Visitor: 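Have a look at this one.
The structure presented is a predicted model; accordingly, all values stated were derived computationally and were not measured. For ligands, and for the atoms within them, numbers begin at 1 and follow the listed sequence.
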Amino acid sequence: MKNLKIRLLGDPVLCAKAKPVEVIDDSVRELSAQMIQAMYDNNGIGLAGNQVGVLQRIVVIHVEPEEDKNGHAIPPDSPGEQVLLPKMPVTLINPEIVSFSEDTCAYEEGCLSVPKLYADVVRSRRIVLKSMLLDGSSILLECGGLLARCVQHELDHLDGVVFVQRAEEDGYRAIEPGIRKMIRKGGYRNFTVRRLV
Ligand code: ZN
């Protein structure tokens, strides 16, 4: 299996909008398998097409059930977690968020395209996710917990948005030198982070 290269912040493909997948054929199934492998190889919990240089609306995720402080799995309370967590890894084809809760929370995010830099991002606690799965079936599910967080982060990628654009000001300032260093190292001289908050 071909090893996919993870694109890093500054690469224009991360700022581009991905196009819908038209048919789920062998090439899409193969891409999904390669993306899952790349996600595992890099210890990620999600990966979007843009991050491997493919501008198609495909996302792979592997979110584990949350644990309490004794390491016991907390039963998920959203229908999306109940349905999807037992199926992990899950590939989402043409996913959309059809609604975002007004209730938000801050949580520290990282990204395989921004290695070793972490910052708090405020996002909705719950979302309603509409998507196709790799077998062609469709889902429409309310998701909470880490799954809701991960889906929002990954779907942003498909629209050309990276979490550093949404990071809270203090957190952003703390990682800004690291971002600059990374961009310089990547040779992306004209790149600037277009902040969305
Ligand atoms: Zn990411």
Side-chain angles (χ1 to χ4, degrees), residues 3-19 21 31-64 66 80 84-85 88-97 100 104-125 127 129 131 143-169 171-172 174-176 178-183 185-186 188 191-197:
N3 280 331
L4 298 173
K5 192 174 139 236
I6 309 271
R7 305 301 184 92
L8 300 179
L9 188 68
D11 190 317
V13 78
L14 292 173
C15 300
K17 205 171 152 76
K19 291 197 171 60
V21 173
L31 173 64
S32 157
Q34 290 170 343
M35 286 173 65
I36 289 168
Q37 191 58 52
M39 169 174 72
Y40 289 157
D41 287 348
N42 293 281
N43 301 313
I45 63 166
L47 192 63
N50 303 48
Q51 291 181 276
V52 293
V54 177
L55 287 174
Q56 292 197 56
R57 303 190 80 82
I58 176 168
V59 157
V60 297
I61 53 179
H62 192 138
V63 172
E64 297 283 357
E66 283 163 69
L84 296 176
L85 296 193
M88 293 292 162
V90 165
T91 301
L92 302 175
I93 309 281
N94 300 335
E96 290 169 55
I97 296 173
F100 293 85
T104 57
C105 59
Y107 189 83
E108 190 180 72
E109 295 189 16
C111 179
L112 296 181
S113 296
V114 193
K116 298 189 187 104
L117 298 174
Y118 304 90
D120 276 5
V121 180
V122 174
R123 296 192 192 267
S124 292
R125 275 184 201 276
I127 52 152
L129 168 67
S131 184
C143 302
L146 185 58
L147 179 62
R149 171 69 51 174
C150 180
V151 166
Q152 291 174 80
H153 176 118
E154 297 309 328
L155 268 60
D156 263 354
H157 278 300
L158 300 180
D159 291 326
V161 173
V162 179
F163 85 98
V164 297
Q165 295 175 255
R166 294 197 192 279
E168 294 218 87
E169 195 53 40
Y172 181 72
I175 62 172
E176 207 179 7
I179 290 174
R180 280 214 211 94
K181 198 171 151 193
M182 212 186 115
I183 288 167
K185 219 172 132 192
Y188 300 111
F191 178 84
T192 50
V193 175
R194 194 169 49 87
R195 299 272 291 143
L196 298 173
V197 287

Visitor: For the NE2 atom of His157 and the CG atom of Leu47, what is their distance to the nearest 0.5 Å?
Guide: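 With rounding to 0.5 Å, NE2 (His157) is 7.5 Å from CG (Leu47).
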Visitor: Is Arg149 close to Val121 at the side-chain level, that is, under 4.5 Å between some pair of heavy atoms?
Guide: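 Answer yes - side chains close enough.
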Visitor: When rounded to the nearest 0.5 angstrom, what is the spacing between CD1 in Ile6 and CE in Met35?
Guide: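 With rounding to 0.5 Å, CD1 (Ile6) is 8.5 Å from CE (Met35).
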Visitor: Kindly indicate, with the supporting measurements, whether the criterion side-chain contact (heavy atoms from CB on, under 4.5 Å) is fulfilled by Lys19 and Leu55.
Guide: CA-CA 6 Å; Lys19 291 197 171 60; Leu55 287 174; 5.7 Å; no
Visitor: Under 4.0 Å between a Lys/Arg side-chain N and an Asp/Glu carboxylate O for Glu109 and Arg123?
Guide: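 Yes.
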Visitor: Could you check whether Glu169 pairs with Arg195 (Lys NZ or Arg NE/NH1/NH2 to Asp/Glu carboxylate O, under 4.0 Å)?
Guide: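 Looking at Glu169 and Arg195, the cut-off is met.
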Visitor: Which protein atoms of type N, O or S are found under 2.8 Å from the Zn ion (ligand 1)?
Guide: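 Cys111 SG, His153 NE2, His157 NE2, with waters left out.
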